[in-house]
Amino acid sequence: MMNNSTGPVNAGGFAFVLFGGTGDLAMRKILPALYAAHRAGMLAPDGRIVSVAQTALDGSGYMQWVDEHVKPHIPGAPTDDAAWRSFLDRIGYVSLDASQPGAFLSLRDTLGALPGQRIFYLATGPSLFVPICRALASVGLSEGARIVLEKPLGYDLASSNAINDAVGEIFTEDQIYRIDHYLGKEAVQNLFALRFGNSLFEPLWRREWIDSIQITVAEELGVEGRGNFYDQTGALRDMVQNHLLQLLSIVAMEPPQSMDADAVRGEKLRVLRALKPLQAHEIRENVVRGQYHAGAIKGTSVPAYHAEPGVKPDSTTETFVALKAEVENWRWAGVPFFLRTGKRLAGRVAEIVVNFRTVPHSALGAVALRPGSNRLTIRLQPDESIRLSALAKQPGMGMNLRGVYLDLAFDRFFKEDRMEAYQRLLLDAIAGRLALFVRRDEQEAAWRWVAPIIDAWAKPDSAVKPYACGTWGPAAASALLARHNTCWLEEQN
Ligand code: BG6
């Protein structure tokens, strides 16, 4: 069940073991999120964090590392020194080489003394997932434990299956927590509330009333020092296979019977399995692959992808994808879902745009027949809002229609601080709530759907289209929608 409680989780204590304890993710996301939970009184008093990494440090050396490297990533930097000190008191450090099974005995000794549920968080490269799981099992640490796997979980269907098979020999599916941090975002949670807590939208949420749906996750940032990793990954694997397809599955899913983990994940899976497989000619026509060239973001010049450190000068890795997907079921047959994501675009925005059909006949002129005049825009970030666009009569003589909207900005209603995605997901993992983690069959279905695109792009004749930084991607992305008599939201305004 998704949980609303704000009290300490896992009152019986826990040991949260963080592999990759000196890594980028630990520094930027995981330790700041644990600190936020600690400061809010949401961690059981006897919960312990044990960081594991190869770097030879003693406990106090690691504390110093945390102090120097983690503090700057805490929003509003900790001013509350007592809370920060008591957070540090929770943390221990074990230095070991995770590729050496023998080294895990020292971890077992450290954990032996700690009570409560064990959670192993693998914030390492995926090549270490299986060796770590096997080593944990060999020293008797896997039983009853939970394992949290960061993305990327594999590189394609075959490699993700290989990891899932090997991890699955040691842990049962309900011990495995696969992270997709988009599922922890407040705004994504709100999609469930919007769709399944209101009767207003449900009758319209289908092919009879919806013309097309757009899902955009646009970033202004480039590859930010991750060139090496990104160049072997690309936007399709980094964003579409996971975050965008998860958003699509929540937008398109049937109302679940309950918010129980398997009820929700089962409905998402049905959508992912209903995605129409893409044929080679559809990939050529309906999937746009772009890469950024030099340009400017908000007036500041930024370099081309090729010039980023760690990127091969002749790389064809995509930094932008736009595509048309279709869900083959009674609710959605014939409704295009346009997905788009990219780096170095004109703005940072994540939003879902539901374009309703126009009136069947307009007695009020052609304006009422213009596509997109009735639409629901659900903005997930940077600010969270819902906007319902409609037509209204302009004051004065004559019947002139103009676009107006009803606007719901969530920060006007809710003054509470928003919980960061990682904080929510870590608390869920500690408490044993699986609903916001990706089940193996969901992940497999998503890889299976993107596989033909991966294959097509691996062919030597497949080209990547350039776009200038600070734009909305290659012109082909606009042409894709124009062929369906629609356009991206920023082109509608
Ligand atoms: C990550 C990707 O999963 O999501 C990054 O690896 C991307 O490349 C990030 O920048 C975007 O997340 P958010 O929460 O900033 O939208």
Side-chain angles (χ1 to χ4, degrees), residues 20 23-30 32-33 36 73-75 121-126 148-156 160 177-191 214-248 250 289-292 297 302 305 308-311 315 317-321 339-352 378-385 418-426 436-438 442-443 446-447 450 469 473:
D24 205 58
L25 195 69
M27 171 174 96
R28 287 174 196 277
K29 296 285 183 193
I30 301 172
H73 295 288
I74 294 178
Y121 194 114
L122 308 197
T124 63
V148 187
L149 303 177
E150 256 299 335
K151 76 179 257 285
L153 207 146
Y155 183 72
D156 54 15
S160 109
Y177 292 65
R178 294 181 195 80
I179 286 244
D180 181 315
H181 79 279
Y182 264 63
L183 295 181
K185 286 182 188 268
E186 189 71 41
V188 176
Q189 299 276 288
N190 223 344
L191 277 177
Q214 301 172 11
I215 302 177
T216 293
V217 179
E219 298 184 86
E220 286 176 356
L221 293 178
V223 292
E224 303 304 300
R226 294 195 306 157
N228 238 325
F229 156 79
Y230 195 88
D231 208 32
Q232 296 165 43
T233 308
L236 185 71
R237 294 180 172 92
D238 190 41
M239 298 294 288
V240 177
Q241 186 274 340
N242 34 68
H243 307 324
L244 274 91
L245 288 184
Q246 281 292 327
L247 291 178
L248 182 153
I250 297 171
R289 175 192 189 196
Q291 188 188 78
Y292 62 80
I297 300 276
V302 285
Y305 176 69
E308 301 274 12
V311 171
S315 168
T317 299
E318 77 288 353
T319 59
F320 176 96
V321 179
L339 310 188
R340 172 176 65 160
T341 185
K343 295 207 180 277
R344 290 284 191 227
L345 296 182
R348 174 178 184 247
V349 66
E351 63 195 1
I352 297 162
I378 305 163
R379 179 170 276 213
L380 310 173
Q381 59 189 33
D383 44 329
E384 213 186 317
S385 66
R418 321 304 269 164
M419 195 186 279
E420 278 291 319
Y422 269 96
Q423 183 180 342
R424 180 193 315 280
L425 294 176
L426 297 183
L436 300 180
F437 295 86
V438 179
E442 289 179 81
Q443 193 175 55
W447 274 121
V450 298
C469 292

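Whatever order the structure lists them in is the order used to number ligands and atoms, beginning at 1. In this chain, residues are counted from 1 in sequence order. Heavy atoms only: backbone and side chains are in, while hydrogens, waters and symmetry mates are out.
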Peer 1: Specify the protein heavy atom at minimum distance from atom 11 (C) of ligand 1: its residue, its atom name, and the distance to 0.1 Å.
Peer 2: Glu219 OE1, 3.8 Å

Peer 1: Report yes or no: does Glu224 have a heavy atom closer than 4.0 Å to ligand 1?
Peer 2: no

Peer 1: Here's a test for you: under side chain to side chain contact (heavy atoms under 4.5 Å, CB included), which of Leu247, Thr216, Leu244 qualifies with Leu339?
Peer 2: Leu244

Peer 1: Salt bridge or not for Arg418 and Glu384, using N-O below 4.0 Å?
Peer 2: yes

Peer 1: Could you grab the distance from atom NZ of Lys151 to atom CG of Asn242, nearest 0.5 Å is fine?
Peer 2: 5.0 Å

Peer 1: Quick check on contacts: which atoms of ligand 1 are under 4.0 angstrom from a heavy atom of Lys185?
Peer 2: 13 (P), 14 (O), 16 (O)

Peer 1: Distance from Gln381 atom CD to Asp383 atom CG, nearest 0.5 Å?
Peer 2: 10.0 Å

Peer 1: Look at atom 12 (O) of ligand 1 and find which of Arg237, Glu150, His181, Glu420 reaches it with the closest heavy atom.
Peer 2: His181

Peer 1: Any idea how Tyr292 and Tyr305 line up, ring-wise: parallel (<30°), tilted (30 to 60°), or perpendicular (>60°)?
Peer 2: perpendicular

Peer 1: Does the side chain of Ser385 come under 3.5 Å of the side chain of Arg379 through a donor N or O and an acceptor N or O?
Peer 2: no

Peer 1: Considering only heavy atoms of Asp238, which atoms of ligand 1 have at least one such atom less than 4.0 Å away?
Peer 2: 2 (C), 5 (C), 6 (O), 8 (O)

Peer 1: Just to confirm my output: which protein heavy-atom neighbour is closest to atom 16 (O) of ligand 1, and how far is it?
Peer 2: Tyr182 OH, 2.4 Å

Peer 1: List every atom of ligand 1 that sits less than 4.0 Å from any heavy atom of Lys343, numbering the atoms from 1 in the order shown and giving each element.
Peer 2: 5 (C), 7 (C), 8 (O), 10 (O)

Peer 1: Against ligand 1, does Tyr230 come closer than 4.0 Å with any heavy atom?
Peer 2: no

Peer 1: Could you find the nearest protein heavy atom to atom 15 (O) of ligand 1 and give me its residue, atom name and distance?
Peer 2: Arg348 NH2, 3.8 Å

Peer 1: Using a strict cut-off of less than 4.0 Å between a Lys/Arg side-chain nitrogen and an Asp/Glu carboxylate oxygen, indicate whether Arg237 and Asp156 qualify as a salt bridge.
Peer 2: no

Peer 1: Which residue and non-hydrogen atom of the protein lie closest to atom 8 (O) of ligand 1, and at what distance in Å?
Peer 2: Arg226 NH2, 2.5 Å

